[in-house]
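If you're wondering where the values come from, they're calculated on a predicted model, not measured in any experiment. Order of listing sets the numbers, starting from 1, for every ligand and every atom in it. Each residue takes its place number in the sequence, starting with 1.
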Amino acid sequence: MARLPVTEEELIELYGPHLNEAPPGGWDADVEIDKVVKTHCCFCGQQCGIKLKVHDNAVVGFEPWYEFPFNEGKLCPKGVKRYLQGNHPDRLMHPMERDETAPGGFRRISWDQALDRVVSEIKRIQAAYGDDSFAMLSGVSITNEKSYLVGKFARLALHTANLDYNGRYCMVSAGVGNKKALGIDRASNSWADIPLADVVWVAGTNIAETFPITTSYIWRARDRGAKLIAQDPRIVPLARTADLYLPVRPGTDSALFGAVLHELIRRDLLDHDFIEQHTLHFDEAAAAVADMTPAWASDITGVPAARIEEAAEIWGTAATGMLLHARGIEQHTKGVDNVLAAINLGLATGKFGKPGCGVTTITGQGNGQGGREHGHKCNQLPGNRDITNPEHRKVVAEAWGCDESEIPGAGVPAVEMIEQIHAGRIKGLLSICFNPLVSSPDANFTREALDKLEFYAVIDFFLSETGQHANIVLPGSLQEEDEGTTTSGEGRIIKINAAVEPPGEARRDWEILLDIAQRLGKGHYFPYENTEQIFEELCRASTGSSADYTGATWKRIEDEFGLFWPVPEVGHPGTPRLYEGGKFNFPDGRARFHGVPFKPSADVVDDEYPILLTSGRVVSQYLSGTQTRRIAALVKQYPEPLCEMHPRLAESLGIADGDIVVVTSRRGSMKVPAHVVNTIRPDTVFIPYHWAGKQSVNQLTIRAVDPYSQMPEFKVAAVRVEKATGHTSIEDTRDMELKEGAS
Ligand SMILES: Nc1nc2c(c(=O)[nH]1)N[C@H]1C(S)=C(S)[C@@H](COP(=O)(O)OP(=O)(O)OC[C@H]3O[C@@H](n4cnc5c(=O)[nH]c(N)nc54)[C@H](O)[C@@H]3O)O[C@H]1N2
Ligand SMILES: Nc1nc2c(c(=O)[nH]1)N[C@H]1C(S)=C(S)[C@@H](COP(=O)(O)OP(=O)(O)OC[C@H]3O[C@@H](n4cnc5c(=O)[nH]c(N)nc54)[C@H](O)[C@@H]3O)O[C@H]1N2
Ligand code: SF4
Ligand SMILES: [Mo]
């Protein structure tokens, strides 16, 4: 095992001396608790219920919240330790302005100075280069209320078309696929359906590490005798217990799904009545897979033909079944194709709209579901409406009290936005809740882009790696410092309760946005006194849309442990399971099959770059790591990135476990210790992506995107791997300068 021994000294060297110093008064065990607040975990899309313990305006501990039905008190390591971040000494306490002469590169300024500068730069840049030259990037760790507000703020206060969000790297391929095939972008079921499935198929998701609480739902299905199929280039923990493991080569899932559909047709394991009554275009899907035999797919995917046939047999003969997928099949230039190919399998066998049946993406980010409904995306208005559709624009203009002509058109998606910054077309940027320098593909390019901005302001509670490039830093709020709602991966709208006030001069995110709008002379569009008023407007704006919150109220959400949208009218009970009775969200009620041809990935292996690199997560770290790299107990669990590789590959390259290796793609290079494990394909290496600078795997990834969703291809890059030469130690993996254009 390559994991390095981590001493206290090493931790301090890596992360500074203040890793989780106790707040004044000490941690939980020693202090009297002023109050206990029922709320939810700030991290992943499961949004587990948790009770936070508060003392003297600091969160000092937690208790399980057993009554909350989704997780019934269970939490993963991140949920258990989340309370430690709020008191971290890196917490931003006052606004700052870039000043190269000041220690750390920033000097403290007042809120008035900071906001005046932000507003004058917005005005200057827009006057000189046009409104769209000032862009905004947002994220979905923020609540529904704030997501809605950001959408309206960017369009009406900044008056820019160029708003996009970090879900562009997360949920968009699933979103486009869901809307194209089913008409609604939401998980097809509440998780209560998982235990009712006779087969659970997990494709491209490391559930035990990324959605740990979902594991218990799958165990319940297995207790009833359900079969488990796992499709992943790595034998992830859940796959180790699977009835059928499909060791798919990265980037080839649509070939595998296609061959399964081919087999379902060949063996006539289809639900003909369902196809006839509730779907369209089956013939197109069938024609596309006519030549996709298991033998053909085996060559492409590396999965033995017999296993592909067995998958078809298990899925096609089971009375009920759920297919759960996540970024492993979605973060590709054919992410949408993969999603459509997975949905085809559900439609062909009638596995929708019934207990224990569905094909469902597992939403990643905390509010990755709600945040993709309320107008955050570059081409979207609230209620998951289309910003280019005149009808949709009219409805939203009415809800916003503006003239339709005031709403700008579609802007550019995140990767293109970074490219436009690089090209000098976008000159100014405001970001909230996004750390694109760590999380975007091709990090060297992103860094160059950030340095070209004439003005950049960031709203965050820690100074992220991206924030270090800002001209103005505005200290915003942690999740537990504000009130609102999120929508979990199940589609359950839940209530986030404030436990503490923002410390020092930090302010709630939404108040900062309102203040900027006011100073831009657009305050009349944002007359809110609290976030509940924003929620009420959001619900009204969603009426009649494909993400309908009309009947939701904060009170009902709290009283009923959440509400599953659509809630199309007051008193409506909510909709845990979509598509009941085979009714899909199109005027004719029919789901759409899609013909999905197989396409290769953007980055191809050759003699120079012969190995496939894929990237993802480990259980103890969260996303770009801004938050979890500041929590000592989580850092200790997996302190730095490692490069997983199979013993056979390691041997052929003369690499032993723990050796420092150099991984080089056509875009960049990094040094990282090897972690030799027999749970990965021998043609593939895996590096988790939670670290910055020279430890960032995104130095290697490619900017190619899916043509429908503009999702970047995080899951496939061609690389070469070599043992580092000369005397190389772990320090070199931390110190190596970023290389530009390694090829
Ligand atoms: N601990 C932890 N949990 C998290 C997060 C976190 O950062 N840390 N983030 C949250 C968020 S925002 C997200 S999006 C989710 C992500 O959740 P997941 O999608 O489950 O996580 P990943 O590790 O990105 O990728 C999942 C799996 O895809 C596999 N994979 C790679 N390439 C391919 C391929 O071509 N085909 C197939 N079939 N599989 C492939 C990888 O081996 C990996 O095991 O996790 C959420 N939960
Ligand atoms: N190579 C590779 N790259 C990837 C992925 C991968 O699998 N491989 N996965 C992609 C995926 S799925 C995702 S979701 C993205 C995520 O990428 P990011 O969205 O960039 O990651 P986060 O760490 O969530 O960054 C959010 C920032 O917002 C701040 N923040 C969090 N909550 C709040 C809040 O309430 N208010 C304010 N003001 N700020 C807040 C945090 O401190 C942090 O600085 O990364 C993507 N990048
Ligand atoms: S599973 Fe997700 S929501 Fe639940 S405790 Fe872990 S990180 Fe938090
Ligand atoms: Mo994500």
By number and element, which atoms of ligand 2 are closer than 4.0 Å to a non-hydrogen atom of [X]?
X      : answer
Ile142 : 34 (C), 35 (O), 36 (N)
Val697 : 1 (N)
Ser141 : 31 (C), 32 (N)
Cys170 : 12 (S), 14 (S)
Ser477 : 34 (C), 35 (O), 36 (N)
Asn435 : 18 (P), 20 (O), 25 (O)
Ile432 : 38 (N)

With heavy-atom distances below 4.0 Å as the criterion, list the atoms of ligand 3 near [X].
X     : answer
Gln47 : 3 (S)
Phe43 : 7 (S)
Lys78 : 7 (S)
Gly79 : 5 (S)

Tell me whether [X] contacts the main-chain N or O of [Y] through its side chain, where contact means a donor paired with an acceptor under 3.5 Å.
X      : Y      : result
Ser440 : Leu437 : no
Gln331 : Gly328 : no
Asn162 : Gly411 : no
Thr485 : Ile494 : no
Tyr622 : His690 : no
Ser439 : Leu623 : no

Can a salt bridge be assigned to the pair [X] and [Y] using a cut-off of 4.0 Å between side-chain N and carboxylate O?
X      : Y      : value
Glu481 : Arg508 : no
Glu63  : Lys38  : no
Asp509 : Lys146 : yes
Glu713 : Lys334 : no
Arg630 : Asp90  : yes
Arg666 : Asp603 : yes

Just distances here: any N/O of [X] and N/O of ligand 2 closer than 3.5 Å?
X      : result
Lys715 : yes
Ser624 : yes
Ile459 : yes
Tyr622 : no
Arg327 : no
Gln479 : no
Ser440 : no
Ser464 : no

Hey, looking at [atom], which of [options] has the closest heavy atom?
atom                    : options                : result
atom 6 (Fe) of ligand 3 : Gly366, Ser488, Cys76  : Cys76
atom 8 (Fe) of ligand 3 : Cys41, Gly45, Pro212   : Cys41
atom 14 (S) of ligand 2 : Arg168, Gln365, Glu465 : Gln365
atom 43 (C) of ligand 2 : Leu474, Thr626, Thr143 : Thr626

Close approach, [X] and ligand 2, non-hydrogen under 4.0 angstrom:
X      : result
Gly364 : no
Met171 : no
Gly476 : no
Phe434 : yes

Subject >> Passing option when Arg327 is tested against Thr361, Asn206, Thr210, Thr205 for side chain to side chain donor-acceptor pair (under 3.5 Å) >> reply: Thr361
Tell me, which protein residue and heavy-atom name are nearest [atom], and how many Å apart are they?
atom                    : answer
atom 18 (P) of ligand 2 : Ser439 OG, 3.6 Å
atom 2 (Fe) of ligand 3 : Cys44 SG, 2.4 Å
atom 4 (Fe) of ligand 3 : Cys48 SG, 2.3 Å
atom 33 (C) of ligand 2 : Phe461 CE2, 3.2 Å
atom 6 (C) of ligand 2  : Tyr689 CD2, 3.8 Å
atom 44 (O) of ligand 2 : Asp460 OD2, 2.6 Å
atom 1 (N) of ligand 2  : Asn698 OD1, 2.7 Å
atom 28 (O) of ligand 2 : Cys433 CA, 3.0 Å
atom 8 (N) of ligand 2  : Ser615 OG, 2.9 Å
atom 36 (N) of ligand 2 : Asp509 OD2, 2.8 Å

Subject >> Lys74 atom NZ: more than 12 heavy-atom contacts under 6.0 Å >> reply: yes
Original post:
Out of Glu419, Arg667, Gln699, which one pairs with Phe445 under the side-chain contact (heavy atoms from CB on, under 4.5 Å) rule?
Top reply: Glu419
Original post:
Is the distance between the ring centroids of His94 and Trp111 under 6.0 Å?
Top reply: no
Original post:
What about the rings of Tyr148 and His374, do their centers lie closer together than 6.0 Å?
Top reply: no
Relative to [Y], does [X] satisfy both conditions: NZ or CZ under 6.0 angstrom from the six-membered ring centre, and within 45 degrees of the ring's axis?
X      : Y      : answer
Arg234 : Phe686 : yes
Arg91  : Phe462 : no
Arg492 : Phe70  : no

Original post:
When the ring planes of Phe434 and Tyr169 are compared, do they come out parallel, tilted or perpendicular, using 30° and 60° as the limits?
Top reply: perpendicular
Original post:
Where does the angle between the aromatic ring planes of Phe526 and Tyr528 fall among parallel (under 30°), tilted (30 to 60°) and perpendicular (over 60°)?
Top reply: perpendicular
Original post:
Given that the side chain starts at C-beta and the backbone is N, CA, C, O, which of these parts of Arg82 lies under 4.0 Å from ligand 3, counting heavy atoms, or is it both or neither?
Top reply: neither
**OP:** Report the part of Leu478 (side chain from C-beta onward, or backbone N, CA, C, O) that has a heavy atom under 4.0 Å from ligand 2; answer both or neither where that applies.
**Re:** neither
